[in-house]
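One-based numbering, in listed order, for ligands and for the atoms of each.
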Amino acid sequence: MNIYLDYAATSPVSTEALESAWPWLSGDFGNPSSQNELGFRAHSALENSRQAVAAFLGCRANEITFTSGGTEADNLGIIGLALANKRGKHIISAKSEHEAVLASIDYLVRLHDFEVTWLSLDSTGMIDLSELAAALRDDTTLVSLMLANNEIGSVHPIFEVSKLAHERGALVHCDAVQAVGWLDISIPALGVDALSLSGHKFGAPKGVGALYSRGRFAIEPLIHGGGQEFGRRSGTENVAFAVAFATALEALHQPGSLLQRQHTREVSSMRDGFVFAVLETVPSSTFTGHRAQRLPNIASFTFANFSGEAMLLELEKQGVICSSGSACAAGNDAPSHVLMAIGVKAEVAQTAVRFSFGHQTNPDELNLVIRALGTAVRALSK
Ligand code: PLP
C-alpha cells in the first residue's frame, strides 16, 4: 500500500474536477471565440469558471487570466506587470522564491536592465519587514514574495508587505501556489496586485493555472495572438481545464471560513505530532522552516547522516512517497536553493526530505510513515 505524502509536488485530479471537465472535451467542444451555438456554450462555461475563481478570491472576474499553470502565472505576473507599469527598474524579492519567480526576475535583469534587491532571510525562511521598508525606493516597480514556501512551508506576512510596498508606490506580486486550500488567499486579505495559482496543487489537472491582476494595472502579455483573456494571454482557451480549475477551487473551504479554520487547526496539530515523532525517530534530523508561521501540510527536515535520495528510496521501498526538497530539485543533485538561501550548508541541504500532506491524509497513515522511517534509518545505518 502506498502512502502519498508529496501533495506539494502535485495532487491527484479530484473526481469532481475530472467530471466537470469531461463534457468540454467531448460533446461540448466549441471554441469560446466562435460565433455559433457550441462556441457560445464554451464561452459561457469559461466565463462562469472565471466568475467562480473571482468569487473565491474576492475580486472581479475580468481580473482573472487563465494560464497554463503556476510557472506561467508567475512569469506573466512579474514580467507583465514590471514591463507595463515601469516607475523605474527596481525589483525586490528573496532567494527562497520558486524558480519560476527567480527566472522571471533574471529575465528582467538580463534583457531589460532591471536591478534586484534580494531581501535577506533568517534561518527559518522569514524576511524582515524593516529591511523591506528600507529597500523600497522611488524607482521600485515591483515586490515579488511568495505566500508560502514550497519546500519548507514558511509563510511570509504578505498583507504587511503589500502595505509597505503600496505606501512607497510599488506593486506587489505574490506566488500563492502552495497556499491554496490551506491559507486565506483572498485578495482583500493579502492586499496584493497580482497573485499566482496552479491547479494541480489542489485537485485540478496539470497544465492550468490562473493569475489575478488588479484591474487598474496593465499587463504586458507574454503570448501574442488573437487577444484572448482580455488581451493578456492569447491562444484558444483550455475551457475544460478552466472548468476543472474552478470546480476544484470551489470544492475547497472558502478562505477564512470557520470550516477552513477548523480543518487547518486539525491538520496543523497532526503535522506537529508528526514532526515530533520524526525528530524522535531520527536523532540526527533537523526540522526546517518556521515553527509557527508555516503551512499546515508541509513538514521538512534535513537528515544529517543520510543522503536525501537514499532516504527517499528506502521509504519508497516501504510504500511511502515523499520528496527531497522540491519536485524541481528532485532527481537533480544540486542542493536545494531554498535551504541554501536560509543558510543551510550545501552538504546538509542535500539531505533534505519533504513530507507534504493532502486534505485526506490521516494520523493512521502518518503512524505508518513513522514506522517506515525507523526501518529506513536502520537499513541506512548498516
Ligand atoms: N510556485 C510554487 C511555489 C510552486 O510550488 C510551483 C510548483 O511546484 C510553481 C510555482 C509552478 O507551478 P506549475 O507546476 O503549475 O508550473
Side-chain angles (χ1 to χ4, degrees), residues 4-13 17 53 64-80 93-107 121 125 127 144-156 158 161 172-183 185 190 192 194-212 222-223 233 238 241-242 244-245 248-249 288-290 294-300 321-332 336-339 341-342 352 354-358:
Y4 185 77
L5 289 186
D6 201 15
Y7 287 88
T10 197
S11 64
V13 179
V53 176
I64 301 297
T65 308
F66 285 113
T67 66
S68 63
T71 298
E72 187 188 333
D74 282 340
N75 275 258
L76 185 59
I78 294 169
I79 300 171
S93 188
K95 291 255 172 84
S96 55
E97 292 293 311
H98 189 269
E99 286 85 349
V101 167
L102 297 177
S104 297
I105 292 175
D106 179 56
Y107 166 84
L121 296 155
I127 55 159
S144 181
L145 287 168
M146 69 206 319
L147 180 52
N149 188 275
N150 48 306
E151 292 190 33
I152 57 175
S154 299
V155 172
H156 285 320
I158 295 298
V161 167
V172 178
H173 164 263
C174 176
D175 177 332
V177 165
Q178 290 293 340
V180 182
W182 300 108
L183 304 177
I185 56 159
L190 299 175
V192 297
L195 189 81
S196 301
L197 307 179
S198 168
H200 72 101
K201 308 294 182 181
F202 58 87
K206 291 166 196 57
V208 62
L211 178 74
Y212 154 81
L222 306 178
I223 301 178
R233 200 247 186 200
N238 189 340
F241 279 23
F245 183 95
L249 198 58
T288 51
H290 195 275
R294 57 185 165 137
L295 278 177
N297 67 319
I298 290 187
S300 298
I321 298 170
C322 53
S323 88
S324 66
S326 76
C328 310
N332 162 354
S336 145
H337 77 271
V338 173
L339 293 181
I342 63 170
R354 174 187 71 184
F355 300 92
S356 49
F357 313 164

Would the distance check show the side chain of [X] and the main-chain N or O of [Y] forming a donor-acceptor pair, the cut-off being under 3.5 Å?
| X | Y | result |
| --- | --- | --- |
| Lys201 | Ala8 | yes |
| Ser300 | Glu151 | yes |
| His337 | Glu97 | yes |

Under a 4.0 angstrom heavy-atom cut-off, which atoms of ligand 1 come close to [X]?
| X | answer |
| --- | --- |
| Thr71 | 11 (C), 12 (O), 13 (P), 16 (O) |
| Gly69 | 15 (O) |
| His200 | 13 (P), 14 (O), 15 (O) |

Checklist entry - So is Lys201 in contact with ligand 1, going by heavy-atom distances below 4.0 Å? => result yes
Checklist entry - If hydrogens are left out, which of Glu72, Gln178, Met146 has an atom nearest to atom 5 (O) of ligand 1, that is, the closest non-hydrogen atom? => result Gln178
Item to check | Pick from Gly209, Ala204, Gly199, Ser198: the one approaching atom 15 (O) of ligand 1 most closely through a non-hydrogen atom | outcome: Ser198
Next on the checklist: Would you say the ring centers of Phe245 and Phe202 fall short of 6.0 Å from each other?
Outcome noted: yes
Next on the checklist: I'd like to check the salt bridge (charged side-chain N to carboxylate O under 4.0 Å, His left out) partners of Glu72; sequence neighbours left out, ordered by chain and number.
Outcome noted: Arg233
Checklist entry - Of Val192, Asp175, Val172, Val161, which is the lone residue that meets side-chain contact (heavy atoms from CB on, under 4.5 Å) with Leu145? => result Val161
Checklist entry - How does Asp74 reach ligand 1, by side chain, by backbone, by both or by neither, if only non-hydrogen atoms under 4.0 Å count? => result side chain
Checklist entry - Should Gly70 be counted as touching ligand 1, given the test is an N or O pair under 3.5 Å? => result yes
